[in-house]
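Down below is the structure, laid out as C-alpha cells.
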Amino acid sequence: MTSATSLLFFAIHLACISTGNSSESFVKLECKTEYHGVYGQQLILGCIVKPVVVDVTIITVTWKRMGAAAKADANLLEYHKEKRELTPGFTFAEPSWNKKNMNVSLLLTNTKMADKGEYECMVTTDVGIATATISLSVTAMYKSPTMSSSPENCIKQNTGVTIFCNSTGGHQKGLIWWFDEFGTNCTGSAELVAKKTDDTLFSLSSKLTVLKATYSGSTNYSCTVHNTNGVQEGKASFEIPFVCSAGSKDDFASDSTTQWLAPVGVIGSLVIGLLAALLIFKRRSVQRARRQSTFPLMSHSGHPTDRHHDDEAEGNAILTV
Ligand SMILES: *[C@@H]1O[C@H](CO)[C@@H](O)[C@H](O)[C@H]1NC(C)=O
Ligand SMILES: *[C@@H]1O[C@H](CO)[C@@H](O)[C@H](O)[C@H]1NC(C)=O
Ligand SMILES: *[C@@H]1O[C@H](CO)[C@@H](O)[C@H](O)[C@H]1NC(C)=O
Ligand SMILES: *[C@@H]1O[C@H](CO)[C@@H](O)[C@H](O)[C@H]1NC(C)=O
C-alpha cells in the first residue's frame with residue numbers, strides 16, 4: 001500500500017474519531033472463545049489483531065481476568081506506550097513481541113485451577129480499538145499410578161500381601177479399579193482413601209489385600225485410575241514379589257555371605273583342631289622315640305618317603321617316553 005492510501009485511511013480514522021463514530025471497524029480482534037486448560041501445563045489464549053488496513057501499530061494491549069462476583073478484575077498483562085507490566089505466570093505468547101506484531105496471544109506458563117474464568121483482551125491501535133472475551137476452564141488429570149506392596153518383597157507362598165495403588169493430581173475425587181491377571185474385577189475387595197493434597201487437588205490410595213498369594217493364582221495385578229466421570233486417566237500393573245527383588249540385593253548378599261561363612265568357619269576350626277591334635281600326637285611320638293633311641297627317628301623324618309616319591313616320578317617319566 002502506498003503512503004498516499006495510508007494517509008487517506010489515517011484521515012478517515014481521524015474523521016471518524018472527530019465525528020464520534022466508532023473506529024472499531026478498522027481493526028478486529030479474533031480470539032477463540034473457549035479454552036480448556038490442564039493444571040500444571042502451559043496454555044496459550046490465542047488472539048490476533050486483524051486490521052482492515054496494513055501497517056498498523058499497536059499502542060496498548062490489556063489482558064485481564066474478569067472478577068467473579070466479589071473479586072475485582074485482575075490485570076495480567078498491560079502494554080502501554082512501549083512499557084509492559086506482567087503478572088508472574090503471564091506473558092505474551094510471542095517471545096519477542098513488539099508493537100508491529102498482531103499476535104497478542106497470552107501465555108499462561110503454569111496453569112492453575114484458580115486461572116479458570118472469563119478473560120478480556122483489549123487492544124488499542126493507531127486505527128482503532130478492539131476487545132474480545134474468552135472463557136477458560138481448567139482440569140487436572142490423575143498421574144499414572146504407582147504401586148507397592150507390604151511386605152515389600154520375599155513374599156512366601158500361601159501368605160497374605162497388601163498391594164497399594166496410589167495416584168495424585170486429580171481435581172475431583174477419582175476412582176481406582178483393580179483387576180487380576182485373568183481380567184477379573186477385584187475392585188470390590190479393595191479399599192480406597194481419597195485425600196485433598198492442597199486446596200484443589202486429590203491424592204488417591206487404594207489397597208487390595210490378597211489373603212493367600214500363590215504361584216498358581218494371579219501373580220500380576222493391575223489398577224486403573226479414573227476421574228469422577230469414569231474416564232480412565234492412568235494404569236499400572238504389579239507382579240507379586242515372591243522372590244527377593246534387586247532392591248534388597250545388599251541384604252540378600254550379606255545374608256548369603258553369612259550363610260556361606262558359617263560352614264566355612266566350622267570346617268576351618270575343625271581343620272585347625274585336627275592339625276593341632278596331629279601336632280601334639282607327633283610331638284608325643286617324637287618324644288617317645290627320643291627316649292628309646294635317636295636312630296629310628298631318621299626313618300620318621302620324611303626323607304626316605306620323599307626319595308620313594310621321586311623314584312616313582314622318574315619311573316613314570318621313563319614309562320611315558
Ligand atoms: C501466535 O503466537 C503463538 C506463540 O508463538 C503461536 O503458538 C500461535 O500459533 C500464533 N497464532 C497465530 C494465528 O499465528
Ligand atoms: C501408597 O500409599 C500407602 C498409604 O498411604 C503407602 O503406605 C504406600 O507406601 C504408598 N505406595 C507408593 C508406591 O507410593
Ligand atoms: C469393576 O468394579 C467396580 C466396582 O465394583 C465397578 O464400578 C466397575 O464398573 C467395574 N469395572 C469393569 C470394567 O467391569
Ligand atoms: C502384568 O499384566 C499387564 C497387563 O495386565 C502386562 O502389561 C504386564 O506386562 C504384566 N507384567 C508382567 C511382569 O508380566
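Numbering of ligands and ligand atoms starts at 1, following listing order. Atom set for the values below is all heavy atoms of this structure, side chains included, hydrogens, waters and symmetry mates excluded.
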Can S137 and H36 be counted as having a side-chain donor-acceptor contact under 3.5 angstrom?
-> yes
For I44, the ligand 1 atoms whose distance to one of its heavy atoms is below 4.0 Å | 7 (O)
Give every donor-acceptor pair under 3.5 Å between a side-chain atom in residues 110-117 and any protein atom, sequence neighbours left out.
residue: T111; atom: OG1; partner: Q41; partner atom: O; Å: 2.6
residue: D115; atom: OD2; partner: K112; partner atom: N; Å: 2.8

Please determine if K235 has a nitrogen or oxygen closer than 3.5 Å to a nitrogen or oxygen of ligand 4.
-> no
May I ask you to check if the distance between the SG atoms of C47 and C121 is under 2.5 Å?
-> no
Against heavy atoms of E94, which atoms of ligand 1 measure under 4.0 Å?
-> 2 (O), 3 (C), 4 (C), 5 (O)
Under a heavy-atom criterion of less than 4.0 Å, does E239 contact ligand 4?
-> yes
Where ligand 4 meets S222 - atom numbers and elements under 4.0 angstrom, heavy-atom basis | 5 (O)
Considering only heavy atoms of N103, which atoms of ligand 1 have at least one such atom less than 4.0 Å away?
-> 1 (C), 2 (O), 3 (C), 8 (C), 10 (C), 11 (N), 12 (C), 14 (O)
For Y79, what residues pass the ring pair (Phe, Tyr, Trp, His ring centres under 6.0 Å) criterion, not counting sequence neighbours?
-> W97
How many angstroms lie between SG in C223 and NZ in K235, if you round to the nearest 0.5 Å?
-> 9.0 Å
Can you find a pair of side-chain heavy atoms, one from T224 and one from F179, that are under 4.5 Å apart?
-> yes
Ring pair (Phe, Tyr, Trp, His ring centres under 6.0 Å) involving F242 - partner list, sequence neighbours excluded | Y215
Counting each atom of ligand 1 from 1 as listed, which ones have a heavy atom of A93 under 4.0 Å away?
-> 4 (C), 5 (O)
Could you list each N/O atom of ligand 2 together with any protein N/O atom closer than 3.5 Å, one pair per line with the distance?
residue: ligand 2; atom: 2 (O); partner: N166; partner atom: OD1; Å: 3.3
residue: ligand 2; atom: 2 (O); partner: N166; partner atom: ND2; Å: 2.4
residue: ligand 2; atom: 2 (O); partner: S205; partner atom: OG; Å: 3.2
residue: ligand 2; atom: 11 (N); partner: S148; partner atom: OG; Å: 3.0
residue: ligand 2; atom: 11 (N); partner: N166; partner atom: ND2; Å: 2.9
residue: ligand 2; atom: 14 (O); partner: N166; partner atom: ND2; Å: 3.1

If you group Ile, Leu, Val, Met, Phe, Trp and Tyr by side-chain heavy-atom gaps below 4.5 Å, do L29 and I44 land in one group?
-> no
Is S105 close to ligand 1, meaning an N/O of one under 3.5 Å from an N/O of the other?
-> no
Sub-4.0 Å atoms of ligand 1 with respect to non-hydrogen atoms of I48 = 11 (N), 12 (C), 13 (C)
Using 4.0 Å as the upper bound for N to carboxylate O, is an ion pair formed by K64 and E78?
-> no
Which value, rounded to the nearest 0.5 Å, describes the distance between Y221 atom OH and I240 atom CD1?
-> 5.0 Å
